[in-house]
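Written out below as structure tokens is the structure these notes cover.
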Amino acid sequence: MTPVRTVIFSALFLAVSFLGFANEKEITQEETPFDPKAMILHHVKDAHEFHLWDWRGSPISLSLPIILWTDNGLTSFSSSRFHHDDEGQTIVESNGRSFVKLHEKIYQLDAGASSISYDSEHHPTNAHKPVDLSITRNVFMMWVSVALLLLIFLTTARNYKNSKDGVPKGIAGFMEPLIIFVRDEIGKPMIGEHKYKKYMPYLLTIFFFIWINNIFGLIPILNGANLSGNIAFTFTLAVFTFIITTFSGNKNYWKHIFWMPGVPVPMKIFLMPIEIIGMFVKPISLMIRLFANITAGHVIILALMSLIFVFKTAAIAPVSVAFSLFITVIEIIVTAIQAYIFTILSALYFGMATEEEH
Amino acid sequence: MDLITPGFGLVFWTAITFIFLLVILGKFAWKPILGAVSEREEGIKAALASAENARKEMENLSADNDRILKEARSERQAMLKEARELKNNMIETAKTEAKEEANKLVAQAQAAIAAEKKAAVADLKHVVAELSISIAETVVREELADKAKQEKLVKSMLENAKLN
Amino acid sequence: MTITGIAAIGAGLAAIGAGVGIGKIGGSAMEAMARQPEMHGKIQSSALILAAFVEAVALFGVVVAFLQG
């Protein structure tokens with residue numbers, strides 16, 4: 001199915017998407033027992049195609065490009081060439097190498113192998129993973145969110161430029177309190193009145209970037225584009241915070257890590273490794289916090305919905321729907337709180353790094 | 001395990017996308033927005049300060065007015081006082097002058113009266129002396145006509161004149 | 001008992017600890033806010049930060065559960 005047709009179908013069958021979803025579950029139920037863990041993991045993890053729903057047994061999806069860095073250079077092809085196969089059956093030839101997709105991982109078959117073979121733990125024995133730079137559904141959704149952010153904030157900026165007296169109109173009036181919130185409640189108190197200005201672009205960007213992706217993760221039709229619940233995403237952002245903290249650390253900051261002032265010498269030696277570990281634990285906890293919060297939220301919602309299929313009865317549906325509605329409402333609050341927490345803790349670390357001796 | 005292993009592809013794209021977003025938004029969104037917001041805040045602050053200044057100036061002005069009014073009033077008071085003093089002085093001097101004049105007049109009058117009186121008394125004395133002399137002449141003439149009587153008189157006089 | 005089961009119990013224990021911790025933070029924050037309503041905003045943001053620190057412990061439990069999954 002070509003992407004264009006897919007998009008047209010998406011628009012056409014948006015209204016009956018849940019019907020299609022239910023149909024698929026019924027069919028799979030007849031074939032194999034419903035496995036909630038596999039379903040949940042499938043939704044929480046990244047994927048190489050944007051699976052929207054199944055229609056009469058065949059999946060309707062947006063094919064995304066696969067980009068691989070192999071020993072033979074860069075190669076790319078459409079994920080539709082795997083024909084929705086995720087079990088390593090379909091072999092795709094590209095740039096003189098053959099690839100298979102197994103559990104959303106691309107494997108490159110070793111030279112001479114014509115099909116993939118496994119060891120006792122179902123790990124491939126005659127294939128290895130090339131460097132995978134594919135535009136996965138998370139990358140795709142990230143770009144959608146970036147486009148939306150640019151649209152919102154460039155419009156806001158133009159709004160200010162056009163108004164003569166600096167009074168916000170339209171979307172700027174909605175965004176300004178949020179921006180001022182980040183500045184007055186996060187930047188100023190955590191970093192300090194004099195130095196916060198330098199960090200404002202980072203804090204604002206990270207706040208809105210995380211928030212919008214948290215919200216995107218909650219939209220059901222996007223089938224859990226769980227970007228902010230993906231550890232690669234939170235890892236990257238935490239690394240940015242770590243780099244900025246480390247590079248803006250002043251003499252006082254490093255002195256507190258390596259030679260804590262105001263305590264006896266044995267204590268200084270004892271504290272040094274703890275402080276060094278602490279330096280790394282801070283970004284790691286940032287990474288884990290965002291990842292685990294968002295992923296746990298998705299898992300709970302999906303687990304509640306799976307109850308319907310586990311018990312194979314529609315009678316449980318009201319309970320499932322009510323509970324998952326409740327959790328979804330909580331998750332909507334959590335989207336904002338986690339973006340706030342990530343930003344405020346980043347600001348706190350910057351503030352610690354730039355704090356002057358007193 | 002798979003869930004908590006960061007995939008390299010997503011890390012790569014996230015880093016690139018985030019840097020792109022940071023640069024674009026930082027340059028074209030945050031800078032103008034924060035600039036406009038802080039500019040407006042500065043404007044509001046400046047307006048408030050100038051309003052405060054104007055209020056203070058007004059206060060100063062009214063205080064000035066009050067002061068001037070007060071000064072004018074006290075000046076008027078002083079002028080009135082001066083005038084009153086002047087008047088009093090004038091009256092006082094006039095009074096004293098008049099009194100002195102009167103006293104002088106009275107003294108002159110008294111002196112004139114005294115002189116008149118003296119003259120009158122002197123006149124009277126003169127007249128009385130002439131009169132007494134004439135009387136005494138007559139009396140003596142009469143008395144000394146009789147010898148016995150002269151003797152008697154000398155006698156009584158000698159008796160009265162005790163020598164002590 | 002499988003290793004997954006033990007991990008699940010551990011994650012549950014971590015959640016209990018974090019629950020107690022966040023409960024204490026919330027309770028104290030409410031008390032402080034009732035006592036000083038003018039400090040409402042400051043107390044709320046500090047409480048949120050502290051809750052995030054405590055919550056990290058429970059999340060490590062969640063991650064352990066994911067590790068087994």
Side-chain angles (χ1 to χ4, degrees), chain A residues 41 44-46 67-68 103-105 131-136 138-139 142-143 145-146 149-150 152-161 163 165-168 172 175-176 179-180 183 197 200-202 204-206 208-209 227 229-237 239-240 287-288 291-292 295, chain B residues 1-70:
Chain A
L41 283 181
V44 166
K45 278 187 195 166
D46 208 353
I67 304 167
L68 299 170
H103 302 308
E104 289 304 338
K105 293 266 183 293
V131 178
D132 189 351
L133 297 175
S134 307
I135 310 303
T136 58
N138 277 345
V139 177
M142 180 161 65
W143 288 352
S145 75
V146 165
L149 281 177
L150 289 179
I152 291 171
F153 288 107
L154 295 184
T155 314
T156 308
R158 206 171 47 238
N159 223 317
Y160 278 101
K161 214 173 275 173
S163 82
D165 45 1
V167 173
M175 285 301 157
E176 190 188 298
I179 293 169
I180 288 181
R183 191 191 65 179
K197 277 209 174 92
M200 278 319 288
Y202 180 75
L204 284 166
T205 310
I206 211 162
F208 288 108
F209 193 39
L227 177 61
N230 192 302
I231 198 142
F233 178 80
T234 61
F235 168 79
T236 315
L237 296 186
V239 164
F240 275 114
M287 167 179 90
I288 299 280
F291 154 74
T295 305
Chain B
M1 191 64 215
D2 204 27
L3 206 54
I4 57 163
T5 322
F8 177 74
L10 192 51
V11 171
F12 174 77
W13 288 118
T14 307
I16 286 181
T17 312
F18 184 73
I19 289 172
F20 168 78
L21 190 67
L22 185 61
V23 168
I24 297 287
L25 282 185
K27 198 160 181 197
F28 298 111
W30 306 138
K31 210 168 146 194
I33 292 172
L34 287 175
V37 168
S38 65
E39 203 171 279
R40 199 186 57 213
E41 279 172 349
E42 294 295 316
I44 289 169
K45 222 182 259 174
L48 278 177
S50 72
E52 178 71 12
N53 273 351
R55 200 180 60 81
K56 263 190 190 149
E57 218 154 276
M58 279 298 291
E59 242 167 42
N60 279 352
L61 261 176
S62 71
D64 258 13
N65 278 350
D66 276 356
R67 195 173 51 75
I68 288 168
L69 210 64
K70 219 171 167 183

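Proteins come first, then strands; the chains are lettered A, B, ... in the order of their sequence lines, and each starts at number 1.
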inquiry  = For the CG atom of A/L133 and the CD1 atom of B/I16, what is their distance to the nearest 0.5 Å?
reply    =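 Here the rounded value is 8.5 Å.
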
inquiry  = Please report the interatomic distance CG(A/L227) to CH2(B/W13), rounded to the nearest 0.5 Å.
reply    =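 If we round to the nearest 0.5 Å, A/L227:CG and B/W13:CH2 are 14.0 Å apart.
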
query = What pairs with B/W30 under side-chain hydrogen bond (donor to acceptor under 3.5 Å, both in side chains), at least two apart in sequence or on another chain?
reply =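 Residues passing side-chain hydrogen bond (donor to acceptor under 3.5 Å, both in side chains) with B/W30: A/T205.
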
Could you tell me which portion of [X] (side chain, backbone, both or neither) has an atom closer than 4.5 angstrom to a non-hydrogen atom of chain B?
X      : value
A/L237 : side chain
A/N159 : neither
A/I152 : neither
A/T155 : neither
A/F233 : both
A/R158 : neither
A/V131 : side chain

message = Using a 4.5 angstrom heavy-atom cutoff, name the option from B/L25, B/L21, B/V37 with the most pairs to chain A.
response =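 Max contact count across the listed options: B/L21.
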
query = Sequence neighbours excluded, which residues qualify as ring-ring contact (aromatic ring centres under 6.0 Å, His included) partners of B/F18?
reply =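 Here the qualifying residues are A/Y202, A/F209, A/F240.
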
message = Using only non-hydrogen atoms and a strict under-4.5 angstrom cutoff, which residues of residues 51-61 of chain B touch chain A?
response =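 Hits under 4.5 Å: none found.
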
ask   = Between A/I231 and B/T5, which heavy-atom pair has the shortest distance, and what is it?
value =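 Closest approach of A/I231 to B/T5: CG2-C, 3.7 Å.
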
For the student: nearest non-hydrogen atoms of B/L22 and A/P201, plus distance =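 Looking at all heavy atoms of both residues, the closest pair is CD1-O, 3.7 Å.
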
request  = Begin with the C-alpha distance, continue with both residues' side-chain angles, and end with the deciding distance and a verdict on side chain to side chain contact (heavy atoms under 4.5 Å, CB included) for B/L10 and A/F235.
outcome  = CA-CA 10 Å; B/L10 192 51; A/F235 168 79; over 6 Å; no

inquiry  = Run the side chain to side chain contact (heavy atoms under 4.5 Å, CB included) test on A/I179 and B/I33 for me, step by step, so that the C-alpha distance in whole Å, both residues' side-chain angles and the decisive distance to 0.1 Å come before the verdict.
reply    = CA-CA 9 Å; A/I179 293 169; B/I33 292 172; 3.7 Å; yes

ask   = Taking atom CD of B/E39 as the centre, does the number of heavy atoms from other residues, nucleotides or ligands within less than 6.0 Å exceed 12?
value =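 Counting other residues, nucleotides and ligands, CD of B/E39 stays at 12 neighbours or fewer.
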
Part of B/F12 lying under 4.5 Å from any heavy atom of chain A =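 Looking at B/F12, just its side chain touches chain A.
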
request  = Take B/L34 and A/L204 through the side chain to side chain contact (heavy atoms under 4.5 Å, CB included) test and state the conclusion after the steps.
outcome  = CA-CA 11 Å; B/L34 287 175; A/L204 284 166; 3.9 Å; yes

request  = Not counting sequence neighbours, which residues clear side-chain contact (heavy atoms from CB on, under 4.5 Å) with B/P32? List them please.
outcome  =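 Partners of B/P32 by the side-chain contact (heavy atoms from CB on, under 4.5 Å) criterion, ordered by chain and then number, come out as A/A157.
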
